[in-house]
Amino acid sequence: SKGMFTYDPGFVSTAACESQITYIDGGKGVLLHRGYPIDQLAEESNYLETCYLLLYGELPSQEQYDTFVNTVKNHTMVNDQIRTFFNGFRRDAHPMAIMCGVVGALSAFYHDSLDISDERHRQVAAFRLIAKMPTLAAMSYKFSIGQPFMYPDNELDYSENFLHMMFGTPCEESKISPVLARAMDRIFLLHADHEQNASTSTVRLAGSSGANPFACIAAGIAALWGPSHGGANEAVLEMLEEIGDVSRIEEFVARAKDKDDPFRLMGFGHRVYKNFDPRAKVMKEAADEVLAELGVENDPLLAIAKELERIALEDEYFIEKKLYPNVDFYSGIILKAIGIPTSMFTVIFAVGRTVGWIAHWHEMISGSYRIGRPRQLYTGHKQRDYVAVDKR
Ligand code: SDX
């Protein structure tokens with residue numbers, strides 16, 4: 001057994017690495033961050049306090065929290081040279097393509113001065129990334145709509161500041177709805193970390209070579225972009241819009257079950273969860289709350305999502321395959337209600353997940369580590385001799 005949990009030998013032999021950050025029980029639908037259940041954190045905590053917990057392993061005292069928040073605020077601006085990177089993109093570039101580029105470019109600004117063997121330097125890299133991701137994300141949105149970039153306003157809290165940079169303009173003072181700011185913060189919190197998922201494993205593998213942490217996070221962003229991973233939240237909303245009406249749900253469920261049809265029900269299924277993703281439950285409650293407070297509880301997409309969930313959960317294929325809604329199933333409905341365009345959904349996921357990527361990178365780099373080197377099962381040709389072209 002490892003620590004207080006017991007794993008079967010088969011699992012331990014395949015486990016890629018040990019970690020103390022997040023625990024998932026896929027069969028029971030349990031997600032703990034440093035031992036704290038995700039639903040309690042979503043209800044009682046906030047994103048930056050959860051960042052502190054993931055990075056340092058304990059909930060902060062009020063003084064520790066205030067210091068952490070102020071340190072993040074000191075890093076929300078980006079080097080003004082970064083602005084010129086945006087001018088190299090087409091206006092219709094996907095914001096995730098922009099984020100891969102500009103986050104990777106941060107390594108050019110902080111490479112020489114960064115010694116990852118020095119704990120203080122590792123801490124500063126963490127603060128810079130957590131603080132700058134919202135700024136860069138909002139810049140990628142502003143660039144795509146041809147509006148001027150908004151500077152961070154450090155009088156605002158983390159999620160308010162993000163919405164200010166997304167929707168504010170230099171012409172008028174930002175008016176951020178507390179309901180939307182709370183919903184945004186809960187979205188970031190629910191995406192903060194999820195053990196050894198594809199993008200976190202990418203960050204760890206890149207980091208195991210000693211690469212610059214900003215470049216490692218850019219690698220994580222690239223891995224997250226895929227529709228099977230973080231790109232699913234964008235794909236869920238496109239799917240709900242394509243379904244268009246509850247009368248067409250059965251048709252799409254049938255397609256998802258058809259082996260010859262590549263269509264999968266976006267927002268359903270998970271490699272680890274064979275029960276409800278606990279984040280999906282919290283997300284569903286948040287969607288009800290936010291839409292009701294905004295007076296759009298009759299949003300047709302929410303109605304389609306709820307009916308689709310009901311039908312799928314009663315369907316023997318989904319029951320047999322243990323397919324349940326995952327974190328991405330309801331998040332898009334909340335993001336749409338906040339006013340976030342679909343193209344920005346995965347960017348939002350990347351902003352929230354940055355702390356998880358950094359916490360795992362820091363956990364690995366701070367301990368004794370070796371370069372990752374996945375092995376393979378070779379199924380190619382046995383050794384054979386070269387044949388000249390006129391003899392082939
Ligand atoms: C995230 O790893 C993480 O923790 C990721 C994440 C995180 O926080 O980092 O939780 C975030 O990526 C959530 C997943 C978002 N992706 C989607 O919602 C896309 C739709 N889901 C599927 O693409 C799929 O469920 C995956 C990619 C999520 C998981 O794929 P797996 O590992 O192949 O799923 P599985 O092994 O459990 O599949 C079992 C069976 C397979 O059929 P058979 O080969 O047994 O015949 O179920 C089928 C799958 O084809 N199946 C689906 C399905 N998901 C799995 N069939 C229809 N619709 C689906 N959504």
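FYI, the numbering just counts along the sequence from 1. All ligand and atom numbering here is 1-based and tracks the order in the structure. Keep in mind that the numbers below use all heavy atoms, side chains included, and drop hydrogens, waters and symmetry copies.
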Selection from [options] by shortest heavy-atom distance to [atom]:
atom	options	result
atom 36 (O) of ligand 1	Arg271, Arg279, His194	Arg271
atom 14 (C) of ligand 1	Asn326, Leu265, Val327	Asn326
atom 43 (P) of ligand 1	Gln196, Lys321, Glu320	Lys321

Part of [X] within contact of ligand 1 (heavy atoms, under 4.0 Å):
X	result
Leu323	side chain
Glu195	neither
His229	both

Exercise for review: Mark the output for Pro227 as yes if a heavy-atom distance to ligand 1 is under 4.0 Å, and as no if none is.
Suggested key: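 It does; at least one heavy atom falls under 4.0 Å.
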
Review point. Could a heavy atom of Lys322 be found less than 4.0 Å from some atom of ligand 1?
Key: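 It does not, in that no heavy atom of Lys322 comes within the 4.0 Å cut-off of ligand 1.
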
Does [X] come within less than 4.0 Å of [Y], counting only side-chain N to carboxylate O?
X	Y	result
Arg34	Asp193	no
Glu289	Arg182	no
Asp245	Arg248	no

Just jot down the ligand 1 atoms closer than 4.0 angstrom to any heavy atom of [X], in number order.
X	answer
Tyr317	48 (C), 56 (N)
Ala232	15 (C), 16 (N), 17 (C), 18 (O)
Lys259	42 (O), 43 (P), 46 (O)
Arg353	7 (C), 8 (O), 9 (O)
Asn197	2 (O), 3 (C), 4 (O), 5 (C), 9 (O)
Gly267	17 (C), 18 (O)
Lys274	35 (P), 37 (O)

For [atom], grab the closest protein heavy atom and report residue, atom and distance to one decimal in Å.
atom	result
atom 16 (N) of ligand 1	Ser228 O, 3.0 Å
atom 28 (C) of ligand 1	Gly269 O, 3.7 Å
atom 10 (O) of ligand 1	His270 NE2, 2.6 Å
atom 20 (C) of ligand 1	Phe268 O, 3.4 Å
atom 15 (C) of ligand 1	Asp328 OD2, 3.2 Å
atom 26 (C) of ligand 1	Arg264 NH1, 4.2 Å

Exercise for review: Taking the side chain as every heavy atom from C-beta outward, state whether Lys142 and Met139 have any atom pair closer than 4.5 Å.
Suggested key: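 Counting from C-beta outward, Lys142 and Met139 never come under 4.5 Å.
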
Relative to each other, are the rings of [X] and [Y] parallel, tilted or perpendicular (30° and 60° limits)?
X	Y	value
His75	Phe127	parallel
Phe188	Phe162	perpendicular
Phe276	Tyr324	tilted
Phe214	Tyr110	tilted

Exercise for review: For the pair Asn233 (side chain) and Phe345 (backbone), establish whether a donor and an acceptor sit closer than 3.5 Å, ignoring hydrogens and angles.
Suggested key: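 Checked: pair present.
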
Exercise for review: Without swapping roles, check the side chain of Lys28 against the backbone of Ile24 for a donor-acceptor pair under 3.5 Å.
Suggested key: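 No: the side chain of Lys28 does not pair with the backbone of Ile24.
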
Review point. Is the NZ or CZ atom of Arg186 positioned over Tyr47's six-membered ring, under 6.0 angstrom from the centre and within 45° of the axis?
Key: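 Judged by the rule, Arg186 and Tyr47 form no cation-pi pair.
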
Exercise for review: Please confirm whether Phe149 and Phe143 have ring centers closer than 6.0 angstrom.
Suggested key: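 Here the rings of Phe143 and Phe149 have centres that are no less than 6.0 Å from each other.
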
Is [atom] touching the protein, meaning some protein heavy atom lies under 4.0 Å away?
atom	result
atom 39 (C) of ligand 1	no
atom 56 (N) of ligand 1	yes
atom 30 (O) of ligand 1	yes

Exercise for review: Please step through side chain to side chain donor-acceptor pair (under 3.5 Å) for the pair Ser199 and His229, ending with a clear verdict.
Suggested key: CA-CA 8 Å; Ser199 53; His229 191 9; 2.9 Å; yes

Practice item. Could you please spell out the steps behind the side chain to side chain donor-acceptor pair (under 3.5 Å) verdict for Asn154 and Thr76? Key: CA-CA 8 Å; Asn154 288 334; Thr76 51; 3.1 Å; yes

